[in-house]
Amino acid sequence: MKKVMLICSAGMSTSLLVSKMQKEAEARGLDFEIWAVGTAGFKKEMSKPDVILLGPQVRFMKAEVTDLANGKPVDVIDTMAYGRVDGASVLNQVLKLLGQ
């Protein structure tokens, strides 16, 4: 199972994106756990994910998150994909970061 953590301002605006990504992963037969956290609580979750994505609104945190990620892939969600709540595109981004 691959674990993907999304970080956004409050962890709530990405909940619909999480749902769409999870459905897309299931449709593709991929075993993924995907969840969202807010900027206030992401540090205590850092040991869990294999990949970390940041919402476009918190892209300024990328350097800080990368420093805390211990080599795990970190990226900012594509703004268009985020705005369209395009779970398939964001899942493709995750797969690319995982080298799959």
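In this text, all values refer to a predicted model and were calculated from it rather than measured experimentally. Start at 1 with the first residue, then count along the sequence.
- Contact check for Ile52 versus Phe42: no side-chain heavy atoms found under the 4.5 Å cut-off.
- Expressed to the nearest 0.5 Å, how far NZ of Lys20 lies from CD1 of Ile34 amounts to 13.5 Å.
- Note that the CG atom of Asp75 and the NZ atom of Lys96 stand 9.0 Å from one another [nearest 0.5 Å].
- No more than 12 heavy atoms of other residues, nucleotides or ligands shown are found within 6.0 angstrom of CE on Met80.
- Under the 3.5 Å distance criterion, the side-chain polar atoms of Lys72 are matched with a main-chain donor or acceptor of Met46.
- Taking CH2 from Trp35 and CE from Met21, the interatomic distance works out to 11.0 Å, rounded to the nearest 0.5 Å.
- How far CG of Leu17 is from CG of Leu6: 6.0 Å, rounded to the nearest 0.5 Å.
- Using a 4.0 Å cut-off between a side-chain N of Lys or Arg and a carboxylate O of Asp or Glu, Glu45 and Lys3 do not qualify as a salt bridge.
- Formation of a donor-acceptor pair under 3.5 Å by the Lys2 side chain with backbone atoms of Asp50 is not found in this model.
- Here Tyr82 contributes atom OH and Thr14 contributes atom OG1; the two are 5.5 Å apart, rounded to the nearest 0.5 Å.
- For the atom pair Leu53 CG and Ile7 CD1, the distance stands at 9.0 Å (nearest 0.5 Å).
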Inset, instruction - Start with the C-alpha gap between Leu54 and Arg59, add the side-chain angles, then the distance that decides, and say whether side-chain contact (heavy atoms from CB on, under 4.5 Å) holds. - result: CA-CA 6 Å; Leu54 292 96; Arg59 70 176 55 243; 5.7 Å; no
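- Looking at Val90 and Val4, their side chains never come closer than 4.5 Å, going by heavy atoms from C-beta outward.
- If you check the side chains of Gln93 and Asp78, you find no donor sitting under 3.5 Å from an acceptor.
- Between Thr39 and Glu64 the shortest side-chain heavy-atom distance does not fall below 4.5 Å.
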